[in-house]
**Student:** 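Can you keep this structure in mind? I'll have questions shortly.
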There are 2 protein chains.
Amino acid sequence: MGVLPNLLGYNVRRAQIALWRDFSRTVGEGEVRPALFSLMILVEANPGIAQIDIANQLDIDKATIVGLVQRLQKRSCVVCRQSTVDRRRQGIYLTDRGAAELRQLRQEMLEHEARFTRLFSSEELAQLFALLRRIHP
Amino acid sequence: MGVLPNLLGYNVRRAQIALWRDFSRTVGEGEVRPALFSLMILVEANPGIAQIDIANQLDIDKATIVGLVQRLQKRSCVVCRQSTVDRRRQGIYLTDRGAAELRQLRQEMLEHEARFTRLFSSEELAQLFALLRRIHP
DNA sequence: TATTGTTATACTCTATAACTATA
DNA sequence: TATAGTTATAGAGTATAACAATA
């Protein structure tokens with residue numbers, strides 16, 4: 001088949017597609033994908049976080065965040081409240097419904113994770129994490 | 001920042017985005033991305049390969065291949081010739097121009113790869129490959 | 001009946017550029 | 001001037017469903 005299997009980028013991409021597929025088919029009834037899930041996790045852990053902070057933490061452009069937040073607003077999972085100290089900022093908060101949904105999502109996500117992490121010993125997993133983090137410092 | 005950095009899926013996704021960005025900015029003047037590149041590599045290594053075989057090797061749906069092949073046809077990088085033994089099949093071949101373009105692309109891709117592989121010792125790299133392959137068997 | 005290629009359609013995620021309101 | 005959010009637009013890559021031609 002050639003050189004492809006010996007390329008780092010190819011192997012990471014294939015792994016990512018495999019994970020994405022399993023996630024899509026098992027988490028959130030196919031309506032929530034990794035990016036949206038990450039955003040919910042972030043909002044839960046940082047109530048009132050602003051879009052710009054999300055963009056920086058996830059290392060993606062702030063314009064990309066807008067659409068994700070709007071999708072969560074439409075699902076009534078988050079609300080935005082303008083900051084009183086800096087009116088440019090809008091704090092994002094999980095709603096009760098969002099929190100409930102996230103509980104379910106987290107459960108499904110953990111089962112999804114487990115289907116892959118159980119392929120590794122804990123030493124191997126720690127090693128894999130360390131190596132991947134060197135790629136996205 | 002919470003639980004995200006301890007998730008396998010999150011780390012693979014972040015690594016993939018980092019690799020994708022570097023690839024986009026350094027290979028093929030931003031006009032060729034990993035999927036198209038993979039397809040060219042596959043066609044070069046298997047002259048006359050059919051779309052269905054590409055789909056199987058890359059583990060993506062055959063409908064997805066159509067658009068990629070058409071883009072390469074428009075760039076005059078590949079040609080399709082109907083098989084004489086099974087007229088449903090269309091063998092895909094790299095043109096001279098495609099081969100020349102691929103030589104340039106491969107050089108840029110190797111430099112791109114090197115920017116990441118040099119973050120690891122050869123043992124670490126072998127380990128990383130082995131671990132990633134367990135995720136996409 | 002099954003397979004190959006195709007079309008149509010839709011979705012996620014990302015990006016850039018330019019704008020508004022605010023600081 | 002700089003920052004936060006937004007809008008508009010674009011593009012890659014994936015998927016499903018249905019179809020024609022061929023086997």
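A, B, ... follow the sequence lines: proteins, then strands. Residue 1 opens every chain.
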**Student:** Hey, does I41(B) have a side-chain heavy atom less than 4.5 Å from the side chain of L105(B)?
**Tutor:** no

**Student:** Summarise how protein sits on nucleotides 18-23 of chain D as a single string, 5' to 3': B when a protein heavy atom is under 4.0 Å from the base, S for sugar-phosphate-only contact, - for no contact.
**Tutor:** ---BBS

**Student:** Hey, are the side chains of I52(A) and N56(A) touching, using non-hydrogen atoms and a 4.5 Å cut-off?
**Tutor:** yes

**Student:** Between C1' on dC11(C) and CG on L68(A), what's the gap in Å once rounded to a whole number?
**Tutor:** 13 Å

**Student:** Under 4.0 Å: is that the gap between some side-chain N or O of R14(B) and OP1 or OP2 of dT14(C)?
**Tutor:** no

**Student:** Look at Q90(A) and dT6(D) and indicate whether a side-chain polar atom (N or O) is within less than 4.0 Å of OP1 or OP2.
**Tutor:** yes

**Student:** Using a heavy-atom cut-off of 4.0 Å across all strands, would you classify I65(B) as base, sugar-phosphate, or nothing?
**Tutor:** nothing

**Student:** Rounded to whole Å, please give me the gap between CG in L58(B) and P in dG13(D).
**Tutor:** 11 Å

**Student:** For dT14(D) and R13(A) - does any side-chain N or O of the residue sit under 4.0 Å from the phosphate oxygens OP1/OP2?
**Tutor:** yes

**Student:** Whole angstroms only, please: what is the CG-P distance between L39(A) and dC13(C)?
**Tutor:** 10 Å

**Student:** At what angle, to 10 degrees, do the two end axes of the helix from dT1(C)-dA23(D) to dA23(C)-dT1(D) meet, given five pairs define each axis?
**Tutor:** 0°

**Student:** For T64(A) and for V66(B), find the nucleotide of DNA chain C with the closest heavy atom, then tell me which residue's nucleotide is more 5'.
**Tutor:** V66(B)

**Student:** Is any side-chain N or O of R71(A) closer than 4.0 Å to OP1 or OP2 of dC11(C)?
**Tutor:** no

**Student:** Would you compute the distance between atom CD of E101(B) and atom CZ of F37(B) and round it to the nearest 0.5 angstrom?
**Tutor:** 11.5 Å

**Student:** Side chain of W20(B) only, please: which of dA12(D), dC13(C), dA15(C) is the nearest?
**Tutor:** dA12(D)

**Student:** Does dT14(C) have its OP1 or OP2 closer than 4.0 Å to a side-chain nitrogen or oxygen of R33(B)?
**Tutor:** no

**Student:** Check the phosphate of dT6(D) against Q51(A), side-chain N and O only, distance under 4.0 Å to OP1 or OP2. Yes or no?
**Tutor:** yes

**Student:** Would D53(A) and K62(A) pass as an ion pair if we require N to O under 4.0 Å?
**Tutor:** no

**Student:** What's Q70(A) touching, base or sugar-phosphate or nothing? Going by heavy atoms closer than 4.0 Å.
**Tutor:** sugar-phosphate

**Student:** My understanding is that only residues two or more places apart in sequence, or in another chain, count here; which of them pass ring-ring contact (aromatic ring centres under 6.0 Å, His included) with H112(B)?
**Tutor:** F23(B), F116(B)

**Student:** From CG of N56(B) over to P of dT4(C), roughly how many Å is that when rounded to an integer?
**Tutor:** 8 Å

**Student:** Around Q82(A), counting heavy atoms of other residues, nucleotides and ligands shown, do more than 12 lie under 6.0 Å from its CD?
**Tutor:** yes

**Student:** Measure the distance from CD1 on I54(B) to C1' on dT4(C) and round it to the nearest whole Å.
**Tutor:** 12 Å

**Student:** CD of Q57(A) to CD1 of I65(A): how many Å apart, nearest 0.5 Å?
**Tutor:** 10.5 Å

**Student:** What is the distance, to the nearest angstrom, from the CD atom on Q73(B) to the C1' atom on dT6(C)?
**Tutor:** 12 Å

**Student:** Output yes when E44(A) and R103(A) qualify as a salt bridge under the 4.0 Å nitrogen-oxygen rule, no when they do not.
**Tutor:** no

**Student:** If I take atom CG in residue L72(B) and atom P in nucleotide dG13(D), what distance separates them, rounded to the nearest angstrom?
**Tutor:** 10 Å

**Student:** Could you give the CD1-to-C1' distance, from I52(A) to dT6(D), as a whole number of Å?
**Tutor:** 12 Å

**Student:** May I ask you to check if R81(A) and Y93(A) form a cation-pi contact, with NZ or CZ under 6.0 angstrom from the six-membered ring centre and within 45° of the axis?
**Tutor:** yes

**Student:** To the side chain of I60(B), which of dA15(D), dG13(D), dG5(C) is closest?
**Tutor:** dA15(D)

**Student:** In Å, rounded to the nearest 0.5 Å, how long is the span from CG of L132(A) to CG of L132(B)?
**Tutor:** 6.0 Å

**Student:** State which of dT16(D), dA12(D), dA15(C) makes the closest approach to the side chain of D61(B).
**Tutor:** dT16(D)

